[in-house]
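As a basis for the values below, the full set of heavy atoms in this structure was taken, side chains included, without hydrogen atoms, waters or symmetry mates.
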Amino acid sequence: MTEAAQYFSRELLAWYRANKRDLPWRMNRDPYRIWVSEVMLQQTRVDTVIPYYNRFMDKFPTAAALAAAPEEEVLKCWEGLGYYSRARNLQAGAQEVAERHGGVVPDNKELVSALRGVGPYTTGAIMSIAFNRPEPAVDGNVMRVLSRYFCLEEDIAKPATRVGIEKLAASLIPDGAAGDFNQGLMELGALVCTPKSPGCLTCPVMAHCEGRAAGKEHVLPIKTKAKPPRPERRLAALVIGTGAHEGKILVRQRPDTGLLARMWELPHVLDPQQSDTVKKKGRGAKAKAAEQAELMAESAGSVAAALPPAAVREMQMDALCRTLAAEEKLLVRPTGWWGEAEHVFSHIVWDVQVYRADYGFVLDEETDEFAYAGVGVGRGASQAAAETAAAYEPNGADREAAGLFGDAAVSGDHAAEALPSNYRWIGPEDMRELAFPNVFLRLLREYWI
DNA sequence: AATCCGTGGAA
DNA sequence: TTTCCAAGGAT
C-alpha cells in the first residue's frame with residue numbers, strides 16, 4: 001500500500017469517527033435495520049429517507065414482522081419513495097430470512113448476497129456495517145471520492161469501472177474498522193467531496209489528493225451522460241361515481257410487473273396521436289420538447305389551470321374513450337378537460353391530461369344494446385361513447401347486473417359488477433390503504449380538497 | 001452492456 | 001429553467 005493510501009485510510013477513519021452524523025440507522029448495528037436503511041438509501045437522499053425509515057421500522061421492526069405483513073401495507077409505507085420494486089424485493093428478502101435463516105440476517109457474504117434486492121453494494125454495506133467484515137461497499141459516493149483522490153479517469157458509468165474500484169476500496173480498509181471506514185467514505189462523499197463544488201478546503205485528506213493536485217477536482221469523476229427521458233402523453237379519466245358510488249372515483253391497480261408494479265392509479269392510456277407521431281417521424285429531442293410545450297398550454301402550476309385548444313380536447317376525449325373500451329373493456333364517457341400533471345421517471349416523462357368522465361351503461365330493452373347511463377346511444381351521447389357502447393358485447397354478469405339495477409340504472413346508476421377485476425371505486429378514506437405514485441396522489445388530493 | 005425501475009433537492 | 005444525480009439492482 002502506498003504512502004498516500006495509508007494516509008487516506010487513517011485520516012478518513014479518524015475524520016468519520018469525529019464527524020459522523022447522528023442518523024436513525026446508526027442507533028445500533030442490528031443487521032436488519034442496516035439492511036432496510038441501505039435499500040431505502042439506494043438512489044435516494046438521506047433527508048428523504050429519514051421519515052420513511054422511521055415509519056417503516058416502527059411498523060416492521062424485525063425481518064419476521066416484515067415477512068408476515070401484507071404486501072399492500074409494505075407498498076403503502078413506501079408510497080412516494082420511488083423504485084417500488086425495492087419494497088417488494090425487500091419483503092421477499094425478509095421472507096427468505098424468516099424461512100431459511102430463522103429470522104436472523106446471516107453473517108455470511110454469500111447468503112446475504114443471495115437475498116432478493118441485495119446487490120454488490122448492499123452486500124458490502126451490510127457485511128461491513130453490521131458485521132464489521134472487510135468487504136468493500138462501493139456506491140456513487142465512493143466512486144467519486146476515490147476517482148478524485150487517486151485521479152482515476154475511467155468512466156464510472158461503466159460497470160467494469162465499479163469492479164475495479166471495489167478492489168481498490170477493499171485494499172484501503174483498515175484492520176478491524178471496515179464498517180466505520182466504508183461509512184466514512186460515503187460520509188465524505190455526501191458532506192465534503194460533493195459532486196458539484198467539492199469542499200477541498202475542509203477535506204481531511206486534501207493534502208494527498210491526486211485529483212486536486214492535478215487541478216481536476218471539478219472534472220472528476222468522468223461519467224458519460226444518461227439518455228434524456230422520452231416524453232409520453234397519457235390521457236387519464238377521472239371517472240366520477242353516481243348513484244351507489246356517489247362521491248367516489250374509479251381507480252385501477254397496475255399489473256404485477258414493470259413500471260409502478262401493483263400501484264394504484266387513475267385509468268389512463270397512451271395518447272395514440274403521440275405514438276403515431278413517434279413511430280413515423282422519430283422526432284429529435286427539440287421537436288419532442290416543442291410538442292410537449294404546445295400541449296402544456298400556459299399552465300400556472302395548478303392542476304386545473306390550463307386548457308388545451310378545444311379541438312385537441314375533443315380528439316383526446318375520443319381517443320380516451322375508444323382506447324379504454326378496447327384495451328380495458330371499460331366504458332366511460334369523457335365529458336370535459338379537468339387538469340393536467342407532469343410526472344418524471346428516470347427514463348420517461350409523462351404529460352398527463354386528465355378528463356372528467358361518466359361511467360355506467362344500461363341495457364336498452366328495445367334495441368338489446370348497451371348504452372351509457374342517462375344518455376343512451378343516439379340520444380346525445382358523444383359519437384365515440386355511442387359507438388363503443390353499441391359495439392360492446394355484454395357478458396352474462398353485465399346483463400345480470402344491468403337487470404338488477406333496473407330503474408336505478410335508468411336514473412344514472414350503473415352495473416357495478418361489470419367492472420374489470422383490477423378496478424375499484426374509492427373515496428378519500430380509501431387513500432389510506434392503497435399506494436399511489438406521486439402524480440396520482442397530487443391529482444386525487446387536488447380533486448378531494 | 002444497455003435498459004428498465006421514481007422522486008425530489010440543489011445549483 | 002434545466003441539469004444533474006442520490007448509500008443500485010434486476011434483467
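B:dG6 and C:dT11: their P atoms are spaced 14 Å apart (whole Å). Nucleotides C:dC5 and B:dC5 are separated by 15 Å at their C1' atoms, to the nearest Å.
The main-chain N or O of A:L259 is found under 3.5 Å from a side-chain atom of A:R254 such that the two form a donor-acceptor pair. No donor-acceptor pair under 3.5 Å is formed between the side chain of A:Q183 and the backbone N or O of A:Y16. Put simply, the side chain of A:R252 never gets that close to the backbone of A:N422: no donor and acceptor are under 3.5 Å apart. A donor-acceptor pair is defined here as one N or O able to donate and one able to accept, closer than 3.5 Å; such a pair exists between the side chain of A:R29 and the backbone of A:A130. A side-chain donor-acceptor contact under 3.5 Å links A:S9 to the backbone of A:A5. No side-chain donor-acceptor contact under 3.5 Å links A:Q316 to the backbone of A:L235. A:R144 contributes a side-chain N or O that, together with a main-chain N or O of A:C193, makes up a donor-acceptor pair within less than 3.5 Å.
Salt bridge status for A:E187 with A:R21: present, with a side-chain N to carboxylate O gap under 4.0 Å. Look at A:R148 and A:E217 and you find no salt bridge, because none of the NZ, NE, NH1 or NH2 atoms lies under 4.0 Å from a carboxylate O. The pair A:R162-A:E166 meets the salt-bridge criterion, with a side-chain N (NZ, NE, NH1 or NH2) lying under 4.0 Å from an Asp/Glu carboxylate O. Between A:E79 and A:K76 there is a salt bridge, since at least one side-chain N of the basic residue sits less than 4.0 Å from a carboxylate O of the acidic one.
If you take NE2 of A:H218 and C1' of C:dC4, they are 16 Å apart, rounded to a whole angstrom. Atom CE of A:M143 is separated from atom P of C:dC4 by 17 Å (rounded to the nearest Å). Across the protein-nucleic acid pair, A:R442 atom CZ and B:dG6 atom P stand 15 Å apart, rounded to whole Å. To the nearest angstrom, P of B:dT7 lies 12 Å from CD1 of A:I348. In this structure, the NZ atom of A:K196 is 15 Å from the P atom of C:dT2, given to the nearest Å. One can place CZ of A:F345 at 14 Å from C1' of B:dG8, the figure rounded to the nearest angstrom. One can place NZ of A:K223 at 16 Å from P of C:dT3, the figure rounded to the nearest angstrom. One atom, NZ of A:K225, and another, P of C:dT2, lie 16 Å apart when rounded to the nearest Å.
Screening A:V142, A:L12, A:N19 for a side-chain contact (heavy atoms from CB on, under 4.5 Å) involving A:L188 leaves a single residue, A:L12.
Counting only heavy atoms from C-beta outward, the side chains of A:D358 and A:T242 never approach each other to under 4.5 Å. Inter-residue side-chain proximity for A:V74 and A:R88 is flagged as unmet; no heavy-atom pair is nearer than 4.5 Å.
Using a 4.0 Å cutoff on non-hydrogen atoms, the parts of residues 11-49 of chain A near DNA chain B are A:Q43, A:T44, A:R45, ordered by number. Within residues 148-159 of chain A, no residue places a heavy atom under 4.0 Å from DNA chain C. Listed in residue order, the members of residues 115-134 of chain A having a heavy atom less than 4.0 Å from DNA chain C are A:R116, A:G117, A:V118, A:G119, A:P120, A:Y121, A:T122. Contacts of residues 74-92 of chain A with DNA chain B (heavy atom under 4.0 Å): A:G80, A:L81, A:G82, A:Y83, A:Y84. Only A:M186, listed by number, bring a heavy atom of residues 160-188 of chain A to less than 4.0 angstrom from any atom of DNA chain C.
For A:H347, a side-chain nitrogen or oxygen approaches OP1 or OP2 of B:dC5 to under 4.0 Å.
Using a 4.0 Å heavy-atom cutoff across all strands shown, A:G258 reaches sugar-phosphate atoms only and no base atom.
Taking the six-membered ring where tryptophan is involved, the planes of A:H343 and A:W350 are tilted, since the angle between them lies from 30° to 60°. The aromatic rings of A:Y149 and A:F8 sit tilted relative to each other, their planes meeting at an angle between 30° and 60°.
Counting only residues at least two apart or on different chains, no side-chain hydrogen bond (donor to acceptor under 3.5 Å, both in side chains) pair has a member in residues 193-211 of chain A.
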